[in-house]
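Taking it in order: structure first as structure tokens, then the write-up.
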Amino acid sequence: MDSICTKKPLWYSFCAFGGAAIAAALAALTVCLIRQSVKVVPLLVLLAILAGGVLLVLLCIKTIKTLPDVIAEAKPKRSLPQKNQPSHGSLCLSRCIAIIILILCGVFFLIFYSKAQETQSIPQSTVQSGIQYEKGKVLAITGGTYQGQQDMEDVPVGKQILRVQITSGEHKGEILSDVTNNLSYLYGTLLEVGDSVTISYSYTNGVLDDIQLQDYDRTVPLLIVLALFLIITILIGGKIGAKSLLGLALTILCIFTVLIPLLLGGAPTLLTVFATCALVTIVEFMILDGFHRKTVCAILGTLAGVLLAMLFAQLSCSLMRIDGYKMYTAEPTIEALLQIRQGQEPSAALQIGDLLVGGILIAALGAVNDVAMSISSAMNELIAVNPNLTRKELFKSGMNIGRDMVGTMTNTLILALAGSSFVLMIYLSSLEPSFSQLMSSTFFSVEMVQALSSSIGVILAVPFSVLIGMLLFGHTKKATKKVK
């Protein structure tokens, strides 16, 4: 690798590739401007190619300038024992390939994003149409009564009569009197003067009507909590923590701007979710660690674990005769999705039945990522410390490391799912169901499939990651023998 990386023709080839990308992007932009047919998504794709080409050319130029120094420094160090330390040239090549992969992922994202934007918006119901939501501020509490009951943990029940000033929208500055804030065990928040709130209203003959206070405006507190999370992550994690936050942001972006619109437009649920998981995994690992055998091993191990979790979940759903329609915890939402589906074309309608397995893949992705990267990193360190390990020994050591992870990660997944359904579990326990009744209940079956399928993805990611790592890192053994 080092001898290849220190040859100028290779870098000249990469530089030419980047220059060709720049020329092609500029030519396409020129044609679009002449024809006046510039669209947002194709424009973003061309700009991404242009930026990638410029970055690649600059990186190649910088690397070519430093190659003589790299060659001079590499000669006396060949006899030193630090054989596994990457050279400057190999690091630059790794970064270059990672940048190219990220550019390609960006192009794929923009293509899928363009396809997602073609999804027709879901029409609002007649009840929701015409209603507008704005922010407001409590100026005064003019009346109302409420009290807390000791048997209900002193949760206030009753109402408040408020005077509220609208602080956003076209009616900003207007003051609304006699706005009712209903308080109950399940909804409503006790307000004080100066609190920010959200209100809704509609129009009747051009006049504000049906004014309702929705709830306490939690935008600022939420931003404070988010800022604390970001600060703590960066302070503790440093550069790696910042990169992980970037990967998290890209994951959220893919889910809300690509995955959900495509699913609403009738795209195949499982294929779309798996493709999104693959794209997110590749981008995340390229950002975190660049292009190395370690990241390749982690990516392939993650995809194998997620794919096997999907197959296991489908098999389990088939045996138990359950699907997305039977998700007990999401029952009200499923009914709303059914109404959406009824208004869509059958050939391009939301596939609700596969949402159960699709959700399992998303839930398992993070844990499978963690296990695959941990095993890949550990095997990389093993072969760096002892290059003479045979593939059999490397596989055995990797499996020993993976077995320790299986117990903790599986426990984490099951406890996370149990925590998300904790309230419902308490309610069902209060009913004291019989064993056969509990085993036959839809709720228990769905929860077990979610927990076990996610855990299976983590468990099976271990041997596949170890096997892939053994094959990838095994080349170091061969190289060492040749040197001897």
Side-chain angles (χ1 to χ4, degrees), residues 112 116 119 122 248 250-281 284 302-341 349-372 409-425 441-461:
F112 289 130
T119 302
I122 306 300
L248 176 62
L250 293 174
T251 301
I252 296 174
L253 180 67
C254 286
I255 290 175
F256 284 97
T257 64
V258 175
L259 177 59
I260 293 178
L262 286 176
L263 295 182
L264 288 174
T269 301
L270 298 183
L271 179 61
T272 306
V273 173
F274 182 78
T276 303
C277 291
L279 180 64
V280 165
T281 300
E284 179 183 356
T302 298
L303 297 183
V306 173
L307 179 61
L308 292 169
M310 180 180 71
L311 296 176
F312 184 85
Q314 284 186 294
L315 175 62
S316 302
C317 289
S318 177
L319 293 174
M320 298 186 188
R321 300 183 184 181
I322 56 176
D323 52 30
Y325 292 96
K326 303 296 191 300
M327 289 193 288
Y328 187 84
T329 56
E331 184 176 354
T333 308
I334 294 297
E335 292 179 358
L337 292 179
L338 284 172
Q339 294 179 0
I340 293 175
R341 180 181 171 85
L350 176 65
Q351 299 178 6
I352 300 176
D354 290 334
L355 291 181
L356 174 59
V357 179
I360 290 172
L361 299 188
I362 297 175
L365 178 61
V368 176
N369 267 343
D370 189 8
V371 168
M409 293 306 301
T410 301
N411 195 37
T412 300
L413 280 173
I414 293 179
L415 289 178
L417 290 170
S420 64
S421 305
F422 190 52
V423 175
L424 187 56
M425 289 168 59
S441 64
T442 304
F443 161 75
F444 188 77
S445 298
V446 169
E447 292 298 313
M448 289 299 294
V449 167
Q450 289 178 324
L452 297 180
S453 299
S454 300
S455 300
I456 281 294
V458 172
I459 294 171
L460 294 181

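L259 contributes atom CG, which lies 13.0 Å from atom CD1 of I252 (distance to the nearest 0.5 angstrom). In this structure, CE on M310 lies 10.0 Å from SG on C277, to the nearest 0.5 angstrom. Taken from CG in D370 to CG in L365, the straight-line distance is 11.0 Å, to the nearest 0.5 Å. A distance of 8.0 Å separates CZ of F112 from CG of L262, quoted to the nearest 0.5 Å. Residue M320 holds its CE atom at 9.5 Å from CG of L315, rounded to the nearest 0.5 Å. To the nearest 0.5 Å, the span separating CG on L460 from CG on L308 amounts to 5.0 Å.
Nearest heavy atom pair, residue G353 against residue D323, reads O-CB, 3.5 Å. Contact between S454 and A363 at its shortest, heavy atoms only, is OG-CB, 4.5 Å. Of all the heavy atoms in V258 and A116, the pair that sits closest is O-CB, 3.9 Å. Of all non-hydrogen atoms in S453 and I360, the two that sit nearest each other are CB-CG2, 3.7 Å. Closest approach of I255 to P261, counting heavy atoms only: O-CD, 4.3 Å.
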Is there a side chain to side chain contact (heavy atoms under 4.5 Å, CB included) between Q450 and V446? Walk through the geometry before answering. CA-CA 6 Å; Q450 289 178 324; V446 169; 4.1 Å; yes
Start with the C-alpha distance between V306 and T281, add both sets of side-chain angles, then the distance that settles side chain to side chain contact (heavy atoms under 4.5 Å, CB included), and finish with yes or no. CA-CA 11 Å; V306 173; T281 300; over 6 Å; no
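Here the side chains of L452 and S316 are not in contact, with every heavy-atom distance at 4.5 Å or above. Contact annotation: the side chain of V280 never approaches that of L250 to less than 4.5 Å [non-hydrogen atoms, C-beta and beyond]. Using a 4.5 Å heavy-atom cutoff, the side chains of T302 and V368 are in contact.
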